[in-house]
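For reference, the structure discussed in these notes is given below.
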Amino acid sequence: MFETIGQSFVFVFTIVALSYFLLVNSTYLTLTGMAIGHLRSRRDLDAYEPVGSFTANDFLPGIAIVVPAYNEEHVIVESVSALRSLEYPFYEIIVVNDGSTDGTREALFEAFELQSIDASYPIDLPCEPIDEIYRSPASDLVLIDKANGGKADALNAGLYFTEQPLYCAIDADSLIERGSLREIVEPFLTEPTKTVATGGSVRIANGVSFAKGKPSTVSLPGNHLVRFQAVEYLRAFFLGRTGLSRIGSLLIISGAFGLFKTSVIREIGGYDTESITEDMELVVRLHRYLIEADRPYEVTFVPHPIVWTEAPSSLDVLSRQRNRWFRGMLGTLLKHRDAIGRPRYGIVGVFGLPMFLIIETIGRLIEGAGYVAIPVFFLAGVLDPVFAIAFLVVAIALGAFVTVLAVTGEVLTYRRYDDPRDIALLLWYSVLESVTYRPWRAFVAWRATLSYVLGDKSWGAMPRTGFGRETKD
Amino acid sequence: MESTILLAWIGAILFIFLTALSLVTVGLSWWTRRQERLEEQDRQHVRDELFEQIDREPQARESWIAGLSDRERAVLTSLVEHYLRLLSGQERARYQELAAELALGARAEADLTADPLGDRLQAIAMLSLLDHPISHDRLEETCVRSQETREAAARLLLERREEFEQPAARATRLLLWEGTEPLSVYGLETLSRLNAGEESPLLDLAAEHVSKWNTAVVSQVCLVIEHTEQLDPGASIDWLFPLLEHSDPELRAAAVGAFTPFGWREDIRNRLDVRSLLADPAPVVRKATYALLTEWGGSLGHELLLRAVRTEPNDRARLAAMRGLHSIEPNVPVSAVEASRSAWIWIHAEQAILEGDALELPEPTGSVA
Amino acid sequence: MSEALSVLLVDDDDDLRELLRFHFERKGYDVRALADGREALEFLRTDNVRPDVIVLDLLMPDIDGREFLRHRRETPELERIPVIVLTGLEDEDILEEVFELGADDYVTKPFSPKALLTRVAHVE
């Protein structure tokens with residue numbers, strides 16, 4: 001009797017786990033394939049440049065680049081300097097110093113002629129109290145010095161302060177290419193009345209040297225963890241998001257580089273300071289608000305690689321980052337649970353949100369259980385060989401296949417990794433990913449869920465050196 | 001047992017697929033990089049040859065052109081296009097001559113009916129840069145089916161306006177079409193350039209059709225009018241007035257902005273009921289009115305802005321009013337502005353810093369606001 | 001009739017640099033073509049040769065045109081060298097700013113190389 005129950009359990013569990021692997025990998029396979037097809041067919045359209053001088057166009061919208069900074073003394077000057085030579089005629093830079101306790105302010109004062117505006121801003125900004133606002137007479141640079149309130153709070157300070165119609169949210173250590181602003185604003189130029197938000201494609205900066213505002217040599221660093229992340233970014237943050245954007249289900253715009261219509265974000269009340277993944281929460285709330293108001297809108301992903309960030313190179317830091325991302329996702333899904341599955345919310349309600357719930361969240365957890373349980377069952381001899389092979393096929397092989405396809409997608413499109421040797425390495429890591437990195441991520445997901453359930457809403461136990469970048473090695 | 005074997009087969013096939021795909025990917029990466037490098041080299045020497053050849057007679061160039069490989073031709077085409085976008089005057093004419101010898105115009109004309117949208121747009125753009133004869137009828141035949149192609153065709157008419165009859169009117173019509181599809185920011189710029197100068201067919205077109213147009217489109221038209229210099233002084237803008245009472249506050253605000261270039265017309269100044277606009281319930285409309293008053297200047301502007309800084313309830317609108325007042329009359333004492341005291345202080349503090357250097361923040365035109 | 005001038009050309013557009021280099025050299029000028037403000041400043045600092053004219057783009061990486069003009073204004077020997085700004089920017093505020101920063105002439109793209117050569121020959 002016990003045996004039959006035990007056997008039934010193994011059987012049911014295995015079926016469920018395998019179905020999930022099949023579901024998750026097929027979904028990503030579809031999104032990836034769709035994305036590649038879409039990008040290839042759009043190549044000529046993307047290369048088209050309307051006749052007329054871009055920089056002389058008076059109708060280009062002004063952009064405020066909001067840079068939230070917390071203890072960024074080592075990178076902030078370089079970052080802001082790079083931001084000053086972007087190929088776009090109308091923009092300003094607003095650095096929001098979120099109560100840094102290191103030399104961030106001093107570094108900025110030394111590098112740029114910042115002078116204090118001896119007055120308080122006549123408009124109430126919905127954020128932690130502002131100490132002082134500075135500006136540089138020689139350039140469009142503003143520094144808002146305020147009490148610590150977190151990244152969301154700092155972003156709110158910037159977006160409520162600016163008078164520009166668009167604002168750009170970036171991380172202090174995001175490396176933006178010279179042409180990036182022009183790239184990310186493009187949907188706002190072709191569809192000015194409907195576009196409300198655009199997200200940029202994030203690439204890994206480790207092993208990339210920058211010169212004159214462009215990546216000059218892009219190569220894979222030696223670190224294994226970074227290599228895994230490189231393939232992961234290609235699959236999830238490049239092609240995955242391209243696919244999702246294509247079907248109107250882009251729910252995350254990376255905090256590393258996103259462009260938004262200021263007025264609409266103010267309408268929805270800015271960023272949620274309670275959320276630890278304020279970038280995702282904002283976009284989901286944005287979708288809901290506009291759908292509920294019956295306003296036609298576009299949230300678009302710009303697939304062209306334009307922003308580079310340093311990926312964690314130690315397991316420690318990476319797991320904290322992923323832990324936070326997962327808890328943040330849980331938090332966002334929980335907050336907006338009443339929209340999940342509801343046709344009222346169009347494709348976002350019927351596909352986008354359920355996809356995050358079923359595939360990214362529950363799917364990750366079940367995958368995690370499967371990665372552990374199935375081999376255990378097999379070793380214990382209670383697993384039907386059919387299922388063992390099925391596991392290898394749908395979990396390992398199919399997973400590897402999706403990631404390999406993502407690398408192919410890279411070669412067929414932007415080719416930032418243009419050395420065939422790097423491509424070969426990426427392919428190898430794509431296969432390895434299925435048996436090492438992905439199971440590990442699923443394990444992190446379980447830990448994150450546990451901490452979430454136990455009420456952990458923090459950004460990470462270790463001292464922060466910057467927003468969500470966790471301590472660097 | 002059978003299912004096991006079946007699955008094993010599936011696994012094997014998948015594995016083979018995987019390996020094959022990987023090999024293809026690496027091969028593709030290698031091959032593409034090689035192509036890129038060859039093209040780079042080609043570009044260098046084709047460019048050098050181009051400079052040598054550009055001043056020669058067409059007959060002298062014939063053999064050079066005929067001797068170009070496909071890749072070299074492609075590179076040359078790209079270079080010619082780049083220079084056509086960059087140059088004007090006699091030099092440009094020489095490049096147009098060369099383009100004719102390369103049959104770029106003929107190819108572009110053929111591509112007007114190509115399938116992919118990108119190819120059609122590229123073709124229209126190329127024709128805009130060349131002097132290859134193209135009739136308005138042909139444009140109407142091939143370029144009117146989508147907003148993007150209409151915009152590109154309108155640009156062509158702008159760039160080559162001397163060759164067409166009524167280019168401004170025709171191009172404006174192409175851009176607005178049925179007034180149901182909003183223009184891109186590129187289209188807005190084209191529309192503005194077309195209507196700057198002696199004739200402004202946009203105003204006449206609007207007078208006739210504005211009631212059929214989408215609110216988004218009407219707002220865009222108002223924005224263009226606001227930012228276009230030297231509009232036709234005799235054109236009628238009667239149709240703008242009813243827009244000031246439209247139910248959509250964004251449209252009302254855009255309509256207010258559209259009056260900006262008409263401040264010199266006394267009949268307009270008298271007819272516009274500024275005071276009722278200042279009492280509009282929507283802050284965005286009031287803000288637009290402050291901007292208008294600032295542009296128009298004069299004693300009326302001064303008086304009304306002064307009143308506004310004292311009475312405007314909305315923070316942002318009040319700051320806008322204060323900025324406007326300050327730019328008309330920098331010497332208003334803080335005691336006069338009452339409720340806008342903090343705005344006055346802020347503006348003066350900001351100015352104190354900026355005085356040291358002449359830089360000012362660029363004015364956004366709010367084309368996506 | 002035309003003296004052999006030495007021209008410093010600063011523009012990040014490869015093709016444009018080469019085109020202008022060709023035109024200037026054909027007229028007998030001595031040309032140095034660089035890709036951004038930083039390279040230009042370094043060139044001007046290290047070498048003793050002073051160009052007779054500088055043709056300057058505005059939108060460039062690293063140190064851009066306006067930044068270059070600011071540096072030039074602070075250096076008397078550089079201030080003596082006339083600068084012709086060649087740019088795609090047409091904004092009237094930028095025009096004002098550029099002249100206030102000490103530029104001697106302002107040419108917008110699209111431009112005529114022949115007209116530019118005339119301006120270079122007659123500037124200052």
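In the text below, chain A, chain B and the rest are named by the order of the sequence lines, each starting its count at 1. Fair warning: this is a prediction, and the values are worked out from it, not measured in the lab.
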Problem set entry | Pairwise side-chain contact, Pro50(A) with Glu151(B), heavy-atom cut-off 4.5 Å (strictly under) | no
For this session: Quick one: sort the His227(B) and Phe59(A) rings into parallel, tilted or perpendicular, breaks at 30° and 60°.
Result: perpendicular
Exercise. What distance separates Leu412(A) CG from Thr32(B) OG1, expressed to the nearest 0.5 Å?
Worked result: 7.5 Å
Problem set entry | CD1-CH2 distance between Ile389(A) and Trp9(B), expressed to the nearest 0.5 angstrom | 12.5 Å
Exercise. Chain A: which of Met322(B), Met126(B), Glu36(B), Arg341(B) shares the most heavy-atom pairs with it under 4.5 Å?
Worked result: Glu36(B)
Exercise. How many angstroms lie between OG1 in Thr408(A) and CG in Leu21(B), if you round to the nearest 0.5 Å?
Worked result: 3.5 Å
For this session: Determine, for Glu163(A) against Arg316(B), whether the closest basic-nitrogen to carboxylate-oxygen distance falls under 4.0 angstrom.
Result: no
For this session: Could you pull out the closest heavy-atom pair between Ile353(B) and Pro137(A), with the gap in Å?
Result: O-CB, 3.4 Å
Seminar exercise, completed: Okay, Asp46(A) and chain B: the region with an atom under 4.5 Å from a heavy atom over there is neither
Exercise. Is the count of non-hydrogen atoms from other residues, nucleotides or ligands lying under 6.0 Å from Arg310(B) atom CZ greater than 12?
Worked result: yes
Seminar exercise, completed: If one checks every heavy atom of Arg193(B) against chain A at 4.5 Å, the contacting part turns out to be side chain
Problem set entry | Gap between atom CD1 of Ile117(A) and atom CD1 of Ile345(B) - 0.5 Å precision | 13.0 Å
Exercise. Rounded to the nearest 0.5 Å, what separation is found between the CG atom of Asp44(A) and the CG atom of Asp119(B)?
Worked result: 5.0 Å
Exercise. Looking only at heavy atoms, which two atoms of Ser22(B) and Leu427(A) are closest? And how far apart?
Worked result: O-CD1, 3.4 Å
Exercise. Take atom CZ in Phe109(A); do more than 12 heavy atoms of anything else shown fall under 6.0 Å from it?
Worked result: yes
Exercise. If you tally heavy-atom pairs under 4.5 Å against chain A, which of Ala320(B), Ser340(B), Ala12(B), Ala343(B) wins?
Worked result: Ala343(B)
Exercise. Where does Phe15(B) contact chain A at under 4.5 Å (heavy atoms): side chain, backbone, both or neither?
Worked result: neither
Problem set entry | Among the listed options Leu84(B), Ile10(B), Val26(B), the residue most often paired with chain A at heavy-atom distances under 4.5 Å | Val26(B)
Problem set entry | Max heavy-atom pair count under 4.5 Å with chain B, selected residue of Leu45(A), Ile396(A), Val51(A) | Val51(A)
Exercise. Which pair of non-hydrogen atoms, one from Val431(A) and one from Leu18(B), has the smallest distance, and what is that distance?
Worked result: CG2-CD2, 4.0 Å
Problem set entry | Heavy atoms from other residues, nucleotides or ligands near OH of Tyr414(A) exceed 12 (cutoff 6.0 Å) | yes
For this session: Identify the two heavy atoms, one from Pro420(A) and one from Ser29(B), that lie closest to each other, and give their separation to 0.1 Å.
Result: CA-OG, 3.4 Å
Exercise. Side chain, backbone, both or neither: which part of Arg155(B) has an atom under 4.5 Å from a heavy atom of chain A?
Worked result: side chain
Seminar exercise, completed: Under 4.5 Å to a heavy atom of chain A? For Glu159(B) that would be side chain
Exercise. Please walk me through it: do Tyr121(A) and Leu319(B) pass side chain to side chain contact (heavy atoms under 4.5 Å, CB included)?
Worked result: CA-CA 10 Å; Tyr121(A) 196 56; Leu319(B) 179 58; 3.9 Å; yes
Exercise. Taking atom CZ of Phe378(A) as the centre, does the number of heavy atoms from other residues, nucleotides or ligands within less than 6.0 Å exceed 12?
Worked result: no
Problem set entry | Choice from Ser342(B), Ser192(B), Gly187(B) maximising heavy atom contacts with chain A below 4.5 Å | Ser342(B)
Problem set entry | Heavy-atom check, side chain of Glu189(B) versus side chain of Asp58(A), under 4.5 Å | no
Problem set entry | Side-chain heavy atoms of Thr25(B) within contact of Glu410(A), under 4.5 Å | no
For this session: Go through the atoms of Ile133(A) and report whether side chain, backbone, both or neither lie under 4.5 Å from a heavy atom of chain B.
Result: side chain
Exercise. Quick one: what part of Leu183(B) sits under 4.5 Å from any heavy atom of chain A, side chain, backbone, both or neither?
Worked result: backbone
Exercise. What part of Ser120(A) is in contact with chain B, defined as an atom under 4.5 angstrom from a non-hydrogen atom: side chain, backbone, both or neither?
Worked result: backbone
For this session: Answer with side chain, backbone, both or neither: which region of Leu121(B) has an atom nearer than 4.5 Å to a non-hydrogen atom of chain A?
Result: both
Problem set entry | Inter-residue atom distance Tyr186(B).OH - Leu189(A).CG, 0.5 Å rounding | 4.5 Å
Problem set entry | Under 4.5 Å from a heavy atom of chain B, the part of Ala56(A) involved | both
For this session: Determine the option with the most heavy-atom pairs under 4.5 angstrom with chain B, choosing from Arg42(A), Glu113(A), Glu186(A), Lys194(A).
Result: Glu186(A)
Problem set entry | Contact origin within Gln115(A) toward chain B - heavy atom pairs under 4.5 Å | both
For this session: Against chain B, label Ser116(A) side chain, backbone, both or neither, depending on which of its atoms sit under 4.5 Å from a heavy atom there.
Result: backbone
Problem set entry | Closest contact, heavy atoms only, Thr193(A) versus Gln220(B) | CG2-NE2, 4.0 Å
Problem set entry | Contact class of Val24(B) relative to chain A, heavy atoms under 4.5 angstrom | neither
For this session: Of all the heavy-atom pairs spanning Leu398(A) and Leu14(B), show the shortest one and how long it is.
Result: N-CD2, 3.7 Å
Exercise. Side chain, backbone, both or neither: which part of Arg323(B) has a non-hydrogen atom closer than 4.5 Å to chain A?
Worked result: side chain
Seminar exercise, completed: The interface call for Phe391(A) against chain B, heavy-atom contacts under 4.5 Å, is neither
For this session: Side-chain contact test, heavy atoms from C-beta onward, threshold under 4.5 Å: evaluate it for Arg33(B) versus Arg415(A) and give yes or no.
Result: yes
Seminar exercise, completed: If one checks every heavy atom of Glu148(B) against chain A at 4.5 Å, the contacting part turns out to be neither
Exercise. Between Phe54(A) and chain B, which part of the residue has a heavy atom less than 4.5 Å away: side chain, backbone, both or neither?
Worked result: side chain
